[in-house]
2 protein chains.
Amino acid sequence: MTGNDIECLINGEYSVACRRDRDEVYMPFSFIHKYFEVYGKITTTDGEEKFEWSHSYSKIYHPKKKYDPRGTFTTFENYNVEVRDRVKCISGIEGVPVSMQWEPRGFFYPTQIAQFGLAHYSKNISEPEPRRRIIDDSEKNLQNWIVSKDAYMAREYDSKLQTNVIRFSTSDHATSQVWLKLDISQDFVLSLDLLMTSNSSLTVVLQNKDKRETVYLHYVTSQQLIYAQDEHVYYGMGVSPRWRRVTRDLIIDMQKGWALQDRPKRKSPRTKFKISSLILSGAGSVDNVSVSGSEHMAQFSAAARWLRAHQRPRGGWPIPVRRRIHARLAELKPGWHSAMSQGHAISVLSRAYYRTGDASYLSAAKKALYLLDVPSASGGVKAMWMDKYVWYEEYPTTPPLFVLNGFIYTLLGLYDLHIIEGDNSISLAKKMFDDGMISLKTLLPLFDTGSGSFYDLRHFTLGVSPNIARWDYHATHVNQLYLLAGLDDDPILINTAKRWEGYMQGKRAAHN
Amino acid sequence: MTGNDIECLINGEYSVACRRDRDEVYMPFSFIHKYFEVYGKITTTDGEEKFEWSHSYSKIYHPKKKYDPRGTFTTFENYNVEVRDRVKCISGIEGVPVSMQWEPRGFFYPTQIAQFGLAHYSKNISEPEPRRRIIDDSEKNLQNWIVSKDAYMAREYDSKLQTNVIRFSTSDHATSQVWLKLDISQDFVLSLDLLMTSNSSLTVVLQNKDKRETVYLHYVTSQQLIYAQDEHVYYGMGVSPRWRRVTRDLIIDMQKGWALQDRPKRKSPRTKFKISSLILSGAGSVDNVSVSGSEHMAQFSAAARWLRAHQRPRGGWPIPVRRRIHARLAELKPGWHSAMSQGHAISVLSRAYYRTGDASYLSAAKKALYLLDVPSASGGVKAMWMDKYVWYEEYPTTPPLFVLNGFIYTLLGLYDLHIIEGDNSISLAKKMFDDGMISLKTLLPLFDTGSGSFYDLRHFTLGVSPNIARWDYHATHVNQLYLLAGLDDDPILINTAKRWEGYMQGKRAAHN
């Protein structure tokens, strides 16, 4: 491009090299991108190049029908909790994600565990039934396991499982193994019933189909969460005297091992790897070995069981890491609660009750309400706006933050429980939901920036610069509001959702 | 400019023709201007052209010293109330502006009258003393008036003024006149003492120095505000049995006559016209005729006298026109009050008391406080935020609007009165100021958009789209906050002022 160059002086502060053609001045997009944070890329359709300008990078999902707590949870069928960088791995013992968001050693973050559960519950509904292949069930499907000389393997009747199972034991020699050669592509979720004595292991060998690259996933009886060295990744499964159903997404397990060694995440490993063998070592029993494309309900159940098992007497799931939010706020000390954890947990437990009929899930869900009515200063998660409007706090700071998305997720938990309890119930959950909806409909306008939304109201409570929601949180707000607009016909909900969606395309509230 | 053209697709909605040079795409500024409402123009310095980009079009005045109610009012030395299009004219009888903002026939808008007074008070301080020329005082400065045959003129002693004055009378013939040829450039504020019987007039003849164009400004004894036809403009001065001091800005009077005939406003008429004669007709007396570049204190006094004279028993200045603010709000019926009128009036009256020592001004200022404590629904201007924080309403709607700039102007009125009353007074004004400052410092963050400011909080009270302050109102907010930061060292004031000033250069609050 030739043409006249012209210097453009930006607010009298710095210069940008521009082009000029008669009355028109052309500004480089690289500057516009930085100045306004808009996005653009050159795309090619039918050989023709275009420049696509996007005001935001997030997507809105318009609900097709009224939200139903028995169905998908908001837009969570699109979530992949376990692939996030801040998930250290899926724990071997509990089968739930371990977070390193605020603590690199890893900890159980109830919000994340619940989201993991809700994502898999939702995917189970939205995705087609996966392909499942039984590898060995010691009944109809039998494989030819290779038993090294000093090892032992037999198919025996197990009185607990009431079927035939594989019993194995190997010597202390490293070469002493019971192993099975496989050649499985595409499906990488391995499920099996497992019983191992200490110092035993199940190893899954993955091979890159193109390159000569082998990865060993060792599921061992230690208590250590995860350990990785070179091509070996170890997951501690603990020792249990009882049969356990194990479900592992092998690709996730492999990627987390790489991440632990700071290796870059691989693109589409599911197409490049295959399962090439299983290796048993030590002593134990195995049954019902299968692979499938997904096992969403197993993963959902792991989350639900974790939540039920780890609920404390006051109904909460304390978060064991300190959290520093702003220099002007005292840090949240390990053991703090989050309304978002409580709400998400209620959403998981309500669904678990609905699916299983197990009353212990319902009772855990109801118990989780308690802390929502305890002020933040007393170890709960309740804030009040000007002594008038209740707010369930994602981060129970004093003064409060009034985080919007976490509050709405809590409301959804309340709604879920209320509906699952029975549509006509006059329940505590219903009352808490109704109170919260009044707060939301009253305070929602305070989150409107005129061109986006605030993540929280810290500018009001701390007197600091506002905390604008980045586009993905803004999109979450909009998705949440569309969902709520289906439950409550107050026009503030649908009008705000529409206006806020417009902001994502560059529309702005009018100035006077 | 040649180069590759490339189509730019904006948010998938419409296309803009752009240019491309390798990896860089160049967008036309005409699009950027429309999309983001930023400003730009090509300027030339030393023969070199530059493109100057401005995020906003308004200016911030950083106060050089602490605000003092005896001094200029905020940045009003930069205001020119009477040149605004929404000022119909300066009334002949009262010498104050007549507004046609919401009513084309014109009405006395106390806010505007007070701003007119405060602007002139401020200019009187900030501008150098004007040049003043006495034309005729019947004592030391005498002119050769031309008296037509059937007319009469004499210099006689007046017992009221206790000096010699001009007495004149003319017959009913149009040609019967007492007139004075003049040739005065540059200074166009005419002052004189005047006493006219009915059907008399003073005419000032202005001539365009370049073109052969003559304008006749007739100050007549009718009650009609203003009338204009072709080159004749008439201002009704009424009939008064007593001497009056008349001060007229002739250029303003001429321009308003043109505006009334929908003629375009002239650029720099002060350099193009001269005063070519004065004509007296009818019967009356004249003395102390002079011209000057400005007569700010006379104009300030006109505003102060008007406010003192037109205050109602409850201390207010009712606004006689209906005002429709939003479809969701009942209109304000004629007779509504405005906290901004009350506050500005207090600022004028306090200064008038300070300058004259006339206690009637002080008492009027104090009386003006009353309506600030009467709820809007009861004819006053007081709103409460969540039953906790008082707000003095520029527009006393139900529900309230919480207009920011009008509220701060009211606070300044309260501060002015408090200081003028005496620094150590524990006055009602001080208490109302302190209460208001608590409200301001608490609610100020709610006006922060993260990239500008809200004009009011209608999005909260009405649940509608936010009303963003355009840049000149935003600049007013910033100027007001810098001023208040000099009176109150709570960091919220100075921090907000600085952050908001940054927004005018394109800075934005961070997103998460």
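B:Ile6 touches chain A through its side chain: at least one heavy atom from C-beta onward sits under 4.5 Å away, while N, CA, C and O do not. For a residue to count as touching a neighbouring chain, one of its non-hydrogen atoms must lie under 4.5 Å from one of that chain's; by this rule A:Glu37 touches chain B with backbone and side chain alike. Proximity to chain A (any heavy atom under 4.5 Å) is restricted, for B:Tyr389, to the side chain, taken from C-beta onward. Using a 4.5 Å cut-off between heavy atoms, B:Gln505 touches chain A through backbone and side chain atoms alike. With a threshold of 4.5 angstrom between heavy atoms, A:Lys441 does not approach chain B through any atom at all.
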Run the side-chain donor-acceptor check on residues 41-51 of chain A: report pairs under 3.5 Å with partners two or more places apart or on a different chain.
residue: A:Thr43; atom: OG1; partner: A:Glu52; partner atom: OE2; Å: 3.1
residue: A:Glu49; atom: OE1; partner: B:Arg20; partner atom: NH1; Å: 2.3

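Options A:Ser30, A:Gly450, A:Ser15 differ in how many heavy-atom pairs under 4.5 Å they form with chain B, and the most are formed by A:Ser30. Most heavy-atom pairs under 4.5 Å with chain B, from the set A:Asn512, A:Thr449, A:Leu9: that is A:Asn512. Chain B forms the most heavy-atom pairs under 4.5 Å with one residue out of A:Ala510, A:Ser56, A:Gly12, and that residue is A:Ala510. Across A:Gly40, A:Pro28, A:Gly506, A:Cys18, the residue that shares the most heavy-atom pairs under 4.5 angstrom with chain B is A:Pro28. Of the listed residues B:Glu13, B:Glu7, B:Met27, B:Met504, the one with more heavy-atom pairs under 4.5 angstrom with chain A than any other is B:Met27. Of the listed residues B:Ser54, B:Gly452, B:Ser451, B:Pro445, the one with more heavy-atom pairs under 4.5 angstrom with chain A than any other is B:Pro445.
Aromatic ring orientation, A:His55 versus B:Tyr35: tilted (interplanar angle from 30° to 60°). A:Trp385 and B:Trp385 have perpendicular rings, their planes meeting at more than 60° on a 0 to 90° scale where under 30° would count as parallel. Between B:Trp53 and A:Phe36, the ring planes are tilted. Angles from 30° to 60° get that label.
Here A:Phe31 contributes atom CZ and B:Ile32 contributes atom CD1; the two are 8.5 Å apart, rounded to the nearest 0.5 Å.
The environment of CZ in A:Arg324 is crowded: more than 12 heavy-atom neighbours from other residues, nucleotides or ligands sit within 6.0 Å.
Contacts between residues 478-501 of chain B and chain A, counted as heavy-atom pairs separated by less than 4.5 Å, involve B:Ile492, B:Asn495, B:Arg499. Scanning residues 460-475 of chain A against chain B with a 4.5 Å heavy-atom cutoff picks out A:Phe460, A:Gly463, A:Val464, A:Ser465, A:Pro466, A:Asn467, A:Ile468, A:Ala469, A:Arg470, A:Tyr473, ordered by number.
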### Message
Using the rule given for side chain to side chain contact (heavy atoms under 4.5 Å, CB included), can you reason through B:Met386 versus A:Lys388, listing the C-alpha separation, both sets of side-chain angles and the distance that settles it, and then say yes or no?
### Response
CA-CA 8 Å; B:Met386 300 238 165; A:Lys388 277 187 199 294; 4.0 Å; yes
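For A:Ser341, the side-chain hydrogen bond (donor to acceptor under 3.5 Å, both in side chains) partners are A:Thr111, not counting sequence neighbours.
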